[in-house]
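Whatever order the structure lists ligands and atoms in, that order sets their numbers, starting from 1.
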Amino acid sequence: MNTGIDTNLDEIVQRYQGNPILTKQNVPYPVATVHNAGVVKYKNKYIMLFRSHLANGRSIIGRADSKDGFNFNVSPEPFMTPETSGDFAKYENFGIEDMRICPCEDQFLLCYSAYSRHGVRIGLATTKDFIEVQRLAFISQADMRNVVIFPHRINGQYVRFDRPHTESVDWSIWVSYSPDLIHWGQSQRVIQPLQYHWDEMKVGPGAPPIKTQQGWLNIYHGVFNTMSGAVYRLGVALHDLEDPSQVIAVADDWILQPEAPHEITGYVPNVVFSCAAVVEPDGTIKLYWGAADSVMCVGTTSIRKLLDHCSNRSRPAL
Ligand code: BMA
């Protein structure tokens with residue numbers, strides 16, 4: 001009998017036993033937190049670009065490198081800090097946050113939330129080697145967060161998932177298109193929060209989309225409000241390969257919720273928030289998440305498990 005209860009919930013993402021894999025104690029300069037990191041594999045190394053709060057409450061981005069994806073060494077200096085002069089300074093001076101590293105064609109696109117008194121908007125920088133980094137443009141107005149760009153153009157256009165903040169509609173995942181990475185439009189709303197569901201308050205893109213034969217896997221975060229505050233969990237959806245605005249399935253059940261002590265307690269309790277998933281040649285996935293906005297964690301899953309989870313039971317996208 002199908003009870004509708006997934007008894008294998010804990011099996012979808014297996015937490016690494018050595019979690020947390022990175023904390024402020026590992027950082028050789030003073031920071032208050034280590035969380036919400038982008039991670040990619042580059043030249044047989046894993047490169048992590050993590051967010052840290054400074055003691056003034058504003059965020060910067062640090063770098064850590066690893067040979068195995070589990071044990072990371074932090075660089076002596078931050079990777080990116082808010083610009084202090086020029087065109088970018090005006091929109092970054094409250095901090096830069098939640099970097100996604102999106103491999104796209106021959107470069108890496110670094111999408112980050114830029115905070116200032118003008119609101120939060122998305123900054124785009126590019127790099128080919130994680131040494132030379134060039135800020136390209138702000139690719140949204142306020143209010144926008146959580147941009148992930150697809151790894152190649154589709155029908156000649158760059159594609160991204162994004163998450164506008166607006167009072168007029170639930171905080172939802174949208175898709176937008178661009179001819180040049182700078183100018184974005186043709187936006188469509190693709191996944192909205194579902195009432196009385198684990199993601200009923202807001203949803204937002206997490207890791208950059210993962211290409212599979214069945215479609216694009218979209219690991220996203222969803223938020224539920226409780227009497228003691230918001231709970232951040234992770235879910236997964238599947239989008240059409242040729243037209244990602246078409247949602248094939250949104251898994252009804254989450255794939256990860258805060259359960260470990262460092263996920264339940266910390267700067268912001270009850271948060272697992274992902275900006276990164278690294279696909280290995282054998283189809284396994286290293287999923288990275290910030291826990292309680294305080295430390296970094298990793299777990300393993302696989303393309304197969306996430307696809308099965310999407311096809312197991314799907315909830316409406318809109
Ligand atoms: C979101 C963002 C994330 C953070 C999460 C939980 O709105 O600010 O960076 O991890 O809240 O505090």
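- The protein atom (non-hydrogen) at minimum distance from atom 10 (O) of ligand 1 is Asp293 OD1, 2.7 Å.
- The protein non-hydrogen atom at the shortest distance from atom 9 (O) of ligand 1 is Asp98 OD2, 2.6 Å.
- In Lys202, the part holding a heavy atom less than 4.0 Å from any atom of ligand 1 is the side chain.
- Under the 4.0 angstrom criterion for non-hydrogen atoms, Arg51 is in contact with ligand 1.
- Dense packing is recorded around CG of Asn56, with more than 12 heavy atoms of other residues, nucleotides or ligands lying under 6.0 Å away.
- In summary, the atoms of ligand 1 found under 4.0 Å from a heavy atom of Tyr232, numbered by their order in the structure, are 1 (C), 5 (C), 6 (C), 7 (O), 11 (O).
- Each of the atoms 12 (O) of ligand 1 lies under 4.0 Å from some heavy atom of Val268.
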Mind running side-chain contact (heavy atoms from CB on, under 4.5 Å) on Ile149 and Leu124 for me, showing each step along the way?
CA-CA 10 Å; Ile149 299 177; Leu124 173 64; 4.2 Å; yes

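- Heavy atoms from other residues, nucleotides or ligands lying under 6.0 Å from CD of Gln25 number more than 12.
- Set against the non-hydrogen atoms of Asn36, the atoms of ligand 1 under 4.0 Å away are 3 (C), 4 (C), 9 (O), 10 (O).
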ring-ring contact (aromatic ring centres under 6.0 Å, His included) between His152 and Trp216: does it pass, once the steps are laid out?
CA-CA 12 Å; His152 59 73; Trp216 295 100; 5.5 Å; yes

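- When each of Asn36, Val31, Asn26, Val74 is tested with Phe50 by the rule side chain to side chain contact (heavy atoms under 4.5 Å, CB included), just one qualifies, namely Val74.
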Please step through salt bridge (charged side-chain N to carboxylate O under 4.0 Å, His left out) for the pair Arg153 and Glu105, ending with a clear verdict.
CA-CA 8 Å; Arg153 277 169 275 198; Glu105 299 175 354; 2.6 Å; yes

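- By the 4.0 Å heavy-atom criterion, Arg145 is counted among the residues contacting ligand 1.
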